Structures are given as structure tokens and as C-alpha cells.
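First the structure, in the form of C-alpha cells, and then the observations on it.
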2 protein chains.
Amino acid sequence: MSLRFALLALLTSRPMTGYDVSKQFSQSVAHVWHAPDSQIYPELNRMERDGLLESAVVPWGKKGTKKEYAVTESGVTAFREWMDSPIEIRRQREPAYLKAAYLEWAEPGAARTELEQFRDYWTEHLAMLEATRATLLDRSHPTLARRLEHYDEREWDRIVRYKIFAYDGLIDQARTAIAWAERGLVLVDELEGSPVD
Amino acid sequence: MSLRFALLALLTSRPMTGYDVSKQFSQSVAHVWHAPDSQIYPELNRMERDGLLESAVVPWGKKGTKKEYAVTESGVTAFREWMDSPIEIRRQREPAYLKAAYLEWAEPGAARTELEQFRDYWTEHLAMLEATRATLLDRSHPTLARRLEHYDEREWDRIVRYKIFAYDGLIDQARTAIAWAERGLVLVDELEGSPVD
DNA sequence: TGCCACTCACTATAGAGATAGGTAGTTTGT
DNA sequence: ACAAACTACCTATCTCTATAGTGAGTGGCA
């Protein structure tokens with residue numbers, strides 16, 4: 001059910017079309033909650049049906065139209081209620097750690113490759129997180145900028161610091177994962193013999 | 001599809017009934033890949049159908065029977081192939097970090113409670129991980145003990161160290177999460193005013 | 001003898017999520 | 001004039017996961 005609230009979170013910054021949402025998603029909320037557009041469009045429909053959103057049909061070009069969604073009062077209430085309700089705990093489900101526990105079954109070469117891929121994926125992810133963190137800190141992040149317009153200037157620091165806090169948590173997780181993979185590579189070399197030997 | 005390989009991993013230690021699997025699961029593999037028994041039983045059936053497992057009906061008491069699953073040759077091959085294939089990347093999907101990014105919408109009290117619950121959940125989880133790590137290190141972990149019987153004594157250290165490596169990764173993640181939640185609590189106190197004031 | 005906790009195995013159902021499409025209009029460049 | 005790329009929205013299907021059950025056998029103990 002968190003997708004619904006991820007969408008609400010995004011739409012509290014400004015009204016958007018489904019297309020906007022699916023584009024913006026990848027640049028902000030998706031770092032925390034990934035979703036493809038085939039999930040987003042139907043969910044927006046359901047949210048409108050449930051009264052959390054209302055839509056306005058906006059002309060687009062000569063014949064085209066688009067549907068702009070805005071959060072309703074009831075949507076804001078639902079979002080606040082979710083914010084104040086206990087966090088749902090996600091059970092561990094990590095193929096990488098599962099594999100790591102059984103590395104004695106892997107070819108040494110394959111083990112190394114996989115650890116490298118894992119490290120590289122997280123390194124890339126980390127770079128993206130740090131880039132986004134920087135745009136939040138200097139307030140050049142477009143969605144954040146739109147969001148701050150609704151607030152008094154004295155509130156800005158507080159809002160930005162929560163976003164930074166969330167990204168810092170993600171960055172810590174990424175760094176932890178990278179460090180672990182590095183240690184794994186050393187371990188594989190030690191136990192399976194370095195490939196250079 | 002990782003459930004299938006998590007089950008294979010467990011069953012390589014010794015043949016087990018579905019019930020054994022669902023019990024053992026919670027004490028070992030579940031730290032890495034959680035699954036309820038309603039997923040385990042059907043998956044074991046499918047794995048037998050696909051030739052990865054074979055089952056023997058074992059009498060149990062006077063009238064009862066149970067079904068014991070053992071990994072087949074083809075199951076071992078499939079497991080090795082999976083071990084040597086690239087890790088599937090799991091997209092971020094973390095309600096806690098999603099919420100953190102929008103804490104300006106929460107009641108200060110609720111924010112504190114949620115961060116405390118998050119910290120406490122991970123603290124408990126960490127304790128369990130550390131306890132399991134200790135039983136792996138001294139080789140008193142029952143599944144590990146059964147597993148080592150298949151191997152030459154000179155291999156034991158290598159096998160144990162990979163398990164420890166996996167648990168160390170999970171422990172690092174847990175510690176990182178706890179430290180982040182602690183910083184969050186300080187941040188909320190700073191931004192929302194300490195409740196003692 | 002009756003009860004309870006546990007062992008064993010499974011089903012039913014609904015929702016979430018991944019993957020892969022389809023269709024129609026618009027803008028931009030050549 | 002036409003193609004390519006982008007905007008916009010949606011569907012279909014399959015798998016995965018969560019939740020909540022069912023029902024029968026066993027072993028102990030009061």
C-alpha cells in the first residue's frame with residue numbers, strides 16, 4: 001500500500017499528470033520506492049475513485065488532452081494519517097546476502113564477478129543519491145522548489161533537513177553495502193587463492 | 001524466484017519434510033529471505049514436479065505419514081547455476097525512508113514513536129543476527145553442523161567463513177539502520193522542540 | 001478420558017509487482 | 001512531407017507475497 005502514499009507525497013508538491021508523476025518519480029521518490037508506470041496509472045485511477053485525488057482534463061495541442069491530478073482534502077488527511085501510523089516492517093529479502101551465505105557452492109571467478117557487480121551497482125546508486133542530496137541541499141531540486149512555495153520561508157530549513165536525513169540514511173546503507181562487498185572480494189581471494197597467483 | 005534457491009540452499013544440508021523446512025527456515029535462511037509456510041509447501045511441490053527435489057513418504061506414528069524432500073542431481077546443478085549467475089538487483093522499497101523524507105507532515109510525537117519503533121525493531125533483529133552468528137562461529141548451529149558432515153574437515157573453515165561473511169553484512173546493515181534512527185531522534189528533538197521543554 | 005500443544009500439509013484469495021505490450025497525439029528536425 | 005522521438009495513457013498476464021484459514025494425526029499430562 002505504500003505506493004499510494006509515495007504518490008500522495010509527490011503530488012503534495014504540485015498537481016501533475018500521470019506522465020509527470022512517472023517521470024518525476026524516477027528522480028525523487030523512486031530512490032525510496034520504485035514503481036513502473038504500469039503500476040502508477042491504475043493506482044492514480046483508484047486513488048481518484050477513492051476520493052484522495054481529483055483530476056482536471058487539460059487540453060494538450062489541438063486534439064490531445066491530459067489529466068492533471070491534484071490531492072484533495074481527504075487525500076491530505078489520508079497522507080497525514082499514514083505519516084502518523086506505525087511503519088510497516090519489510091521482511092528481509094536480499095538475494096545478495098543469500099548467495100553470500102552459500103559462496104562455497106560458487107565458482108571462485110563467478111563469486112568475484114558477482115561481488116564486483118554488486119559493489120558497482122551500489123557505487124552507481126550512491127553517486128545518484130549523493131547528486132540528488134546536493135540538489136536538495138542547495139534547493140535546486142525542482143520538486144523540492146515547488147514544494148517549498150507552499151510554506152513560509154522560516155519552515156524551509158526544517159523541510160529540507162528531513163529530506164537530507166532520509167537521503168543520508170540511504171547513503172549510509174549504500175556505503176555499508178559497498179564496504180561489505182569489498183571485504184567479500186578480499187575474502188574470496190584469501191579463501192580461493194588470488195587469480196594472480 | 002529466489003525462494004526456490006533459498007529452499008535448495010537449506011535442503012543441501014540434509015533431507016527435510018516441509019514442516020522441518022518451514023521451522024528451520026526461521027532460524028537460518030529467513031534472516032536473508034523470509035517466507036511463510038503457505039509459500040513453502042506449494043513451492044516444494046513445484047520443485048518436485050520440476051525434478052529439483054525427490055520425496056520419500058516416511059511413516060510418522062501409527063497412521064500418520066510425512067513427506068521428506070531430498071535434493072536431486074538436477075537440483076544441485078540448478079543451485080550451482082544460480083550461484084554462478086548474476087545477482088538480481090532488488091529495487092529500493094523502504095517505507096521507513098519514504099516516511100523520513102516527509103517527516104514535516106508528521107506529528108512530532110508520532111515521528112519520535114516511529115523512529116523509536118524502527119530502532120527497536122532493528123535492535124532486536126541485530127541481537128538475533130549476532131546470536132546466530134555466534135552459533136555459526138562455534139559451529140553449534142544445527143543446520144551448519146549437518147551441512148559440514150558432507151565435507152572434509154579441511155573445508156570447514158572456508159564454509160563457515162562465508163556464512164559469517166553473510167551475517168556480518170546483515171549485522172552492518174542493522175547497525176547502520178539503528179545509528180540512522182538515533183540521529184533521526186536527535187533531529188526531531190532539535191527541529192520540533194524536545195518534549196521535555 | 002479429555003484436553004492441549006504441537007506436528008504435518010495444504011488451500012483459498014486478494015493484492016502487489018514485474019514485464020511486455022498497445023494506441024494515439026505532439027513536437028522537432030530534415 | 002516524413003520520420004523519429006517524445007508525451008500521454010492504458011491493458012494483459014504472470015508471478016510473487018501476505019493473510020487467513022482448514023483438517024487430521026501425535027504425544028503428554030491431569
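Below, chain A is the first sequence line, B the second, and so on; all start at residue 1. Worth saying up front: this structure is predicted, and the values here are computed from it rather than measured.
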Please determine if a side-chain N or O atom of [X] lies less than 4.0 Å away from the OP1 or OP2 oxygen of [N].
X: Tyr19(B); N: dT7(C); value: yes
X: Ser38(B); N: dC10(C); value: no
X: Gln39(B); N: dC16(D); value: no

### Query
How would you label the contact of Asn45(A) with the nucleic acid (heavy atoms, under 4.0 Å): base, sugar-phosphate, or nothing?
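Since only primed, P, OP1 and OP2 atoms lie under 4.0 Å of Asn45(A), the category is sugar-phosphate.
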### Message
Does Lys23(A) reach a base, just sugar-phosphate, or nothing at all? Heavy atoms under 4.0 Å.
### Response
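Contact class for Lys23(A): none.
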Would you mind reading off the distance between [X] atom [atom1] and [N] atom [atom2], rounded to a whole angstrom?
X: Asp37(B); N: dT17(D); atom1: CG; atom2: P; value: 15 Å
X: Tyr41(B); N: dC8(C); atom1: OH; atom2: P; value: 8 Å
X: Lys66(B); N: dC8(C); atom1: NZ; atom2: P; value: 5 Å
X: Leu44(A); N: dC9(D); atom1: CG; atom2: C1'; value: 11 Å
X: Glu48(B); N: dA9(C); atom1: CD; atom2: P; value: 12 Å
X: Leu7(B); N: dC16(D); atom1: CG; atom2: C1'; value: 14 Å
X: Glu68(B); N: dA9(C); atom1: CD; atom2: C1'; value: 15 Å
X: Phe25(A); N: dG17(C); atom1: CZ; atom2: P; value: 10 Å

So if I take every side-chain heavy atom of [X] and compare against [options], which nucleotide ends up nearest?
X: Pro36(A); options: dC8(C), dA18(C), dC9(D); value: dA18(C)
X: Lys67(A); options: dC9(D), dT19(D), dT17(D); value: dC9(D)
X: Asp20(A); options: dA12(C), dA8(D), dA9(C); value: dA8(D)

### Task
Could you check Arg46(B) against Tyr69(A) and say which one's nearest nucleotide on DNA chain D is further toward the 5' end?
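Upstream on the strand: Tyr69(A).
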### Task
Anything under 30° is parallel, anything over 60° is perpendicular, the rest tilted; go ahead and classify His125(A) against Tyr121(A).
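Ring orientation of His125(A) relative to Tyr121(A): parallel.
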### Task
Verify side chain to side chain contact (heavy atoms under 4.5 Å, CB included) between Trp180(B) and Tyr97(B), making sure each step is shown before the conclusion.
CA-CA 10 Å; Trp180(B) 175 74; Tyr97(B) 294 86; 3.6 Å; yes
### Message
Quick check: on DNA chain C, is the nucleotide nearest Thr65(A) upstream (toward 5') of the one nearest Gly18(B), or the reverse? Name the residue that is more 5'.
### Response
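Checking each residue's closest nucleotide, the 5'-ward one belongs to Gly18(B).
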### Query
Between Asp50(A) and Arg4(A), does at least one N-O distance fall below 4.0 Å, as a salt bridge requires?
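Salt bridge flag = yes for Arg4(A) with Asp50(A).
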#### Entry: Close side-chain approach of Tyr102(A) to Phe5(B), heavy-atom, < 4.5 Å
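Not touching, per the 4.5 Å side-chain cut-off.
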#### Entry: Test item: Thr72(B) side-chain N/O and Gly51(B) main-chain N/O as donor-acceptor pair under 3.5 Å
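Yes; judged by distance alone, with no hydrogens or angles, the pair exists.
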